[in-house]
J.: 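Sharing a structure below in structure tokens format, with a few things to ask.
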Amino acid sequence: MIVTALIFVTNVYGSFDVHCEKINHFNYIIFYDNSVAGADDEIEKAIRKYTDKCAKCQEKSLILNQSDGRKTPLYFFCYDNLEDYKNVFSILPKEKITGKEPYDGLWMSYSYRNYFGKKDTDHISIVGTSEKSNSIPIDGFMNYYLTHGIVTISKENMYEYFGEQYEPNAFLANLSDKDSSKVIKELEGINGYLKYENNYQTCKRDFNTFSGIAAAIEGVYMSMSVVLAMLVLLNLLNQFVEEKKNELIILQINGYQLKDVRRYIYVDTIILTIIGIIIGVAVGMYLAVLAVSSFDGSFICFIKTPSAICCIEGALGAALLTFIMCKIAMRKIEKFDLSSIT
């Protein structure tokens, strides 16, 4: 149980870091008015003074008609320059549907597939800018660990699927804290610049909602694990000492000192503890994956990777609890009546 709790919270908390490291390589979304001639060129020039990780795209919010009848906001990124887009967003394919490669066609977060159990042949229903629902084929599902729905598509597929022209209105950029203030100050002097969004902070705030719940669950689960482990271990060790009572008394009658008798119990306890830890760690890893899977929501999909460090910490914790409970159980030996042998 200790291993399960440790792996559970590590996977939940670690999902955001993995996402920023392997998928989202941008932390700012910079919006501009695409009706102002030359605004995009000036803004891109200003951004590229400080970073090469910059990609022009069309960003908008759409409405997803869910299979259960509800409607959910969907973030939509459409791009034209593939090489620039790869620098700021990595599509890590989780499941291919139509055979298209990443960056070709429409790719969705795997959490949608995981939560709704969509069949490979299913389409999604998206309400476009014309307020008309479009039935769109899903070409593949990608790993995506943040707390909102995401769709990524090329401008060619945008026209093919939606019948809409590509109209870029934003730049995705990766800016350091030091450079971001300089860039924003420079952008404010450009005609057509609208606003910026610190995507990292926004996503982190949304993600903390889930991680906070996970921390509370871990606290309760860990407390229950420790208390239950102490009760079970103490009961088992007391029973073990009681079952060995005759043997221990015989050892003392034959001249064994208390420390030698205790060593006899320690050896058996260590062997049983090692066996228990091996089985417990294996079961704990399996239960942790199930626990994280059950915590997934409609638009969030946590990593599910057993951690070696968590396994070691859990094993050490179990060994420490066993040692403490064994010391307590050993106190019975001193009270044995040597004449009570049966």
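Computed from a prediction, not measured in an experiment: that's the story for all the values here. FYI, the numbering just counts along the sequence from 1.
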J.: Counting N and O atoms only, with roles assigned by atom type, does the side chain of Asn27 sit under 3.5 Å from a partner on the main chain of Tyr200, one being a donor and the other an acceptor?
T.: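 Such a contact is absent between Asn27 side chain and Tyr200 backbone.
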
J.: Any link between Tyr166 and Tyr32 through a network of hydrophobic side chains (Ile, Leu, Val, Met, Phe, Trp, Tyr) touching at under 4.5 Å?
T.: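 Different hydrophobic clusters.
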
J.: State, with a plain yes or no, whether a side-chain heavy atom of Phe141 is found less than 4.5 Å away from one of Ile97.
T.: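 They are in side-chain contact.
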
J.: Could you tell me whether Lys56 and Asp80 make a salt bridge, using a distance below 4.0 angstrom between a side-chain N and a carboxylate O?
T.: no

J.: Could you see if Ile277 belongs to whatever hydrophobic cluster contains Ile312? Use Ile, Leu, Val, Met, Phe, Trp, Tyr and a side-chain cutoff under 4.5 Å.
T.: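 Different clusters.
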
J.: Can you tell if the side chain of Ile43 reaches within under 4.5 Å of the side chain of Phe171, non-hydrogen atoms only?
T.: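 The answer is yes, as the side chains (C-beta and beyond) meet within the 4.5 Å cut-off.
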
J.: Looking only at non-hydrogen atoms, find the nearest pair between Met158 and Ile153 and report the distance.
T.: N-CD1, 3.8 Å

J.: Which heavy atom in Gly192 sits nearest to a heavy atom in Val36, and how many Å separate them?
T.: CA-CG2, 3.9 Å

J.: Is the NZ or CZ atom of Lys195 both under 6.0 Å from the centre of the six-membered ring of Phe31 and within 45° of that ring's axis?
T.: yes

J.: What closest approach, in Å, do Asn169 and Glu59 show between heavy atoms, and which atom pair accounts for it?
T.: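 Taking every non-hydrogen atom into account, OD1-N, 2.8 Å.
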
J.: Membership question, hydrophobic clusters at under 4.5 Å side-chain separation (ILVMFWY): are Leu172 and Leu82 in the same one?
T.: yes

J.: So do the side chains of Met142 and Glu95 get within less than 4.5 Å of each other, counting heavy atoms only?
T.: no

J.: Tell me whether Asp33 at atom CG has more than 12 heavy atoms from other residues, nucleotides or ligands lying less than 6.0 Å away.
T.: yes

J.: The test is side-chain contact (heavy atoms from CB on, under 4.5 Å); show your working for Asn235 and Leu231 and say whether it passes.
T.: CA-CA 6 Å; Asn235 181 62; Leu231 293 175; over 6 Å; no

J.: Please determine if Glu186 and Lys49 form a salt bridge, counting it only when a charged side-chain N lies under 4.0 Å from a carboxylate O.
T.: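 Looking at Lys49 together with Glu186, the answer is yes, because their closest N to O distance falls below 4.0 Å.
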
J.: Could you tell me if the side chain of Asn87 sits less than 4.5 Å from the side chain of Asp52, heavy atoms only?
T.: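 Side chain of Asp52 against side chain of Asn87, heavy atoms only: no contact under 4.5 Å found.
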
J.: Would you mind checking if Lys96 and Asp104 are paired as a salt bridge, meaning a charged N to carboxylate O distance below 4.0 Å?
T.: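 No, Asp104 and Lys96 are not salt-bridged.
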
J.: When rounded to the nearest 0.5 angstrom, what distance separates NZ in Lys155 from SG in Cys57?
T.: 13.0 Å

J.: For the atom pair CG (Leu187) and CD1 (Ile190), what is the distance rounded to the nearest 0.5 Å?
T.: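 Here the rounded value is 5.0 Å.
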
J.: Between Asn198 (side chain only) and Gln201 (backbone N and O only), is there a donor and an acceptor less than 3.5 Å apart?
T.: yes

J.: When rounded to the nearest 0.5 angstrom, what distance separates CG in Leu321 from CG in Leu316?
T.: 11.0 Å

J.: With rounding to the nearest 0.5 Å, note down the distance linking OH in Tyr159 to OG in Ser154.
T.: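 Result: 14.0 Å between the selected atoms.
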
J.: So does Leu320 have more than 12 non-hydrogen atoms from other groups sitting under 6.0 Å from CG?
T.: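 More than 12 within 6.0 Å, yes.
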
J.: Should the heavy atoms of other residues, nucleotides or ligands under 6.0 Å from OH of Tyr196 be counted, would the total exceed 12?
T.: no

J.: Restricting to non-hydrogen atoms, name the atom on Gln58 and the atom on Gln165 that form the minimum distance, rounded to 0.1 Å.
T.: OE1-O, 4.0 Å

J.: Applying the 4.5 Å side-chain criterion to the ILVMFWY set and letting contacts propagate, would Ile184 and Phe26 be lumped into a single cluster?
T.: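 No.
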
J.: Looking only at side chains, do Ser176 and Asp179 share a donor and an acceptor under 3.5 Å apart?
T.: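 Present: a donor and an acceptor within the cut-off.
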
J.: Report whether Ile30 and Phe77 are members of the same hydrophobic cluster (ILVMFWY, side-chain heavy atoms less than 4.5 Å apart, transitive linking).
T.: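 No.
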
J.: Has the side chain of Thr51 got a donor or acceptor atom that lies under 3.5 Å from a matching backbone atom of Lys53?
T.: yes

J.: Against Thr152, only a single residue in Tyr79, Tyr103, Tyr85 fulfils side-chain hydrogen bond (donor to acceptor under 3.5 Å, both in side chains); can you say which?
T.: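 In the set Tyr79, Tyr103, Tyr85, the residue that makes a side-chain hydrogen bond (donor to acceptor under 3.5 Å, both in side chains) with Thr152 is Tyr85.
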
J.: Could you state the interatomic distance from CG (Leu175) to OG (Ser181), rounded to the nearest 0.5 Å?
T.: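 Output value for this atom pair is 10.0 Å.
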
J.: Please report the closest heavy-atom contact between Ile23 and Asn143, naming both atoms and the distance.
T.: CD1-O, 3.1 Å

J.: Do Asn34 and Asp40 make a side-chain contact, defined as non-hydrogen atoms from C-beta onward lying under 4.5 Å apart?
T.: no

J.: Is a side-chain donor or acceptor of Asp139 paired with a backbone partner of Leu106 at a separation under 3.5 angstrom?
T.: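 At least one qualifying donor-acceptor pair exists.
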
J.: Say you draw a straight line from SG of Cys78 to CD of Glu156; how long is it, rounded to the nearest 0.5 Å?
T.: 8.0 Å

J.: How about Asp17 and Lys22: do any of their side-chain heavy atoms sit closer than 4.5 Å?
T.: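 Asp17 vs Lys22: side chains apart.
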
J.: Does the Glu197 side chain pair with the main chain of Ile29, one donor and one acceptor, at a distance under 3.5 Å?
T.: no

J.: Looking at Cys54 and Ile47, what are the two nearest heavy atoms and their distance?
T.: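 Where Cys54 meets Ile47 most closely, the heavy atoms are SG-CG2, 3.8 Å.
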
